[in-house]
Enquirer: 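Let me give you the structure first, and then I'll get to my questions.
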Amino acid sequence: MDRHEVDWEPLREAAVRMTERAYAPYSGYPVGVAGLVDDGRVVAGCNVENAGYGVTLCAECGMVSDLVAGGGGRLRAVWCVDGRGATIMPCGRCRQLLWEHGGPECLLQTPEGVLTMREVLPQAFGPQDLYRT
């Protein structure tokens with residue numbers, strides 16, 4: 001999918017709506033994310049903090065859970081925002097999730113513009129690496 005074929009604004013709007021559902025009582029930093037699936041669905045997630053901090057779930061974790069619970073598929077485009085609606089970059093763990101469920105050609109809206117996951121996570125470790133001998 002070409003970056004110009006994606007209708008980005010509905011993804012941003014869905015991501016912003018998800019920030020309103022975030023559970024961020026400790027950091028006060030709500031995050032929302034939305035992704036376009038290869039079958040046309042939009043999946044979304046928000047961060048869910050925990051007093052144990054280390055078990056906090058990033059918004060991308062929730063989005064991938066929404067993807068899998070909704071029947072699976074592949075992410076084609078993703079946009080992640082903070083509580084002000086500003087575009088933010090997913091953390092390292094979440095970049096790995098996006099690679100796993102979108103692959104190298106999945107498009108990511110970043111603070112510097114649209115990039116493929118191949119550009120965001122060069123030399124990524126993926127499922128294919130588990131089967132190398």
Side-chain angles (χ1 to χ4, degrees):
M1 174 174 278
D2 182 84
R3 53 192 87 204
H4 301 292
E5 294 176 36
V6 175
D7 188 2
W8 287 100
E9 195 53 32
L11 289 181
R12 183 182 180 285
E13 290 170 1
V16 168
R17 277 193 309 275
M18 292 307 293
T19 66
E20 298 165 5
R21 298 180 181 174
Y23 179 73
Y26 307 106
S27 70
Y29 191 78
V31 176
V33 65
L36 176 64
V37 182
D38 56 2
D39 63 7
R41 284 179 296 139
V42 172
V43 292
C46 61
N47 57 323
V48 179
E49 294 181 348
N50 183 285
Y53 294 117
V55 292
T56 291
L57 297 174
C58 295
E60 296 86 345
C61 295
M63 180 185 67
V64 168
S65 292
D66 189 22
L67 170 70
V68 173
R74 302 292 288 166
L75 293 169
R76 292 294 171 228
V78 175
W79 198 332
C80 188
V81 301
D82 66 15
R84 300 174 327 227
T87 303
I88 59 174
M89 196 67 174
C91 72
R93 174 178 77 164
C94 291
R95 293 178 197 194
Q96 183 66 37
L97 277 172
L98 296 178
W99 181 275
E100 181 92 11
H101 295 279
E105 300 309 316
C106 179
L107 300 173
L108 178 64
Q109 186 69 248
T110 77
E112 296 183 1
V114 178
L115 298 173
T116 65
M117 285 306 300
R118 178 179 283 116
E119 294 168 306
V120 171
L121 198 59
Q123 301 183 51
F125 183 89
Q128 73 283 355
D129 295 301
L130 297 174
Y131 305 107
R132 290 192 181 160
T133 56

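This chain uses plain numbering: 1 for the first residue, then up along the sequence.
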Enquirer: Could you point out which residue of Leu97, Leu67, Leu36 forms a side-chain contact (heavy atoms from CB on, under 4.5 Å) with Leu75?
Expert: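 It is Leu67, the one option of Leu97, Leu67, Leu36 that forms the side-chain contact (heavy atoms from CB on, under 4.5 Å) with Leu75.
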
Enquirer: For a 4.5 angstrom cut-off between non-hydrogen side-chain atoms, does Leu107 reach Thr116?
Expert: yes

Enquirer: Closest approach of Arg93 and Cys61, non-hydrogen atoms and distance?
Expert: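 Result for this residue pair: NH2-SG, 3.5 Å.
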
Enquirer: Does a side-chain heavy-atom distance below 4.5 Å link Arg84 with Thr19?
Expert: no

Enquirer: Under a 4.5 Å cut-off applied to non-hydrogen side-chain atoms, are Val78 and Met117 in contact?
Expert: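 A side-chain contact under 4.5 Å is absent here.
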
Enquirer: Taking ring pair (Phe, Tyr, Trp, His ring centres under 6.0 Å) as the test, write out the residues that go with Tyr26, two or more places apart.
Expert: Tyr53

Enquirer: Checking Glu49 side chain against Ser27 main chain: does a donor-acceptor pair fall under 3.5 Å?
Expert: yes

Enquirer: Hey, are the side chains of Glu13 and Val16 touching, using non-hydrogen atoms and a 4.5 Å cut-off?
Expert: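 No; the side chains remain at least 4.5 Å from each other.
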
Enquirer: Rounded at 0.5 Å granularity, tell me how far CH2 in Trp79 sits from CE in Met63.
Expert: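 So the gap between those two atoms works out to 14.0 Å.
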
Enquirer: Please collect all salt bridge (Lys or Arg N to Asp or Glu O under 4.0 Å) contacts where either partner lies in residues 113-122, sequence neighbours excluded, each pair once.
Expert: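 Those involving residues 113-122 are Arg3-Glu119, Glu105-Arg118.
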
Enquirer: Might you work through the side chain to side chain contact (heavy atoms under 4.5 Å, CB included) test for His101 and Val68, ending with a clear yes or no?
Expert: CA-CA 9 Å; His101 295 279; Val68 173; 4.1 Å; yes

Enquirer: Less than 4.5 Å apart, any side-chain heavy atom of Met89 and any of Pro111?
Expert: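 Yes, side chains in contact.
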
Enquirer: Mind checking what makes salt bridge (Lys or Arg N to Asp or Glu O under 4.0 Å) contact with Arg41, not counting sequence neighbours?
Expert: Asp39

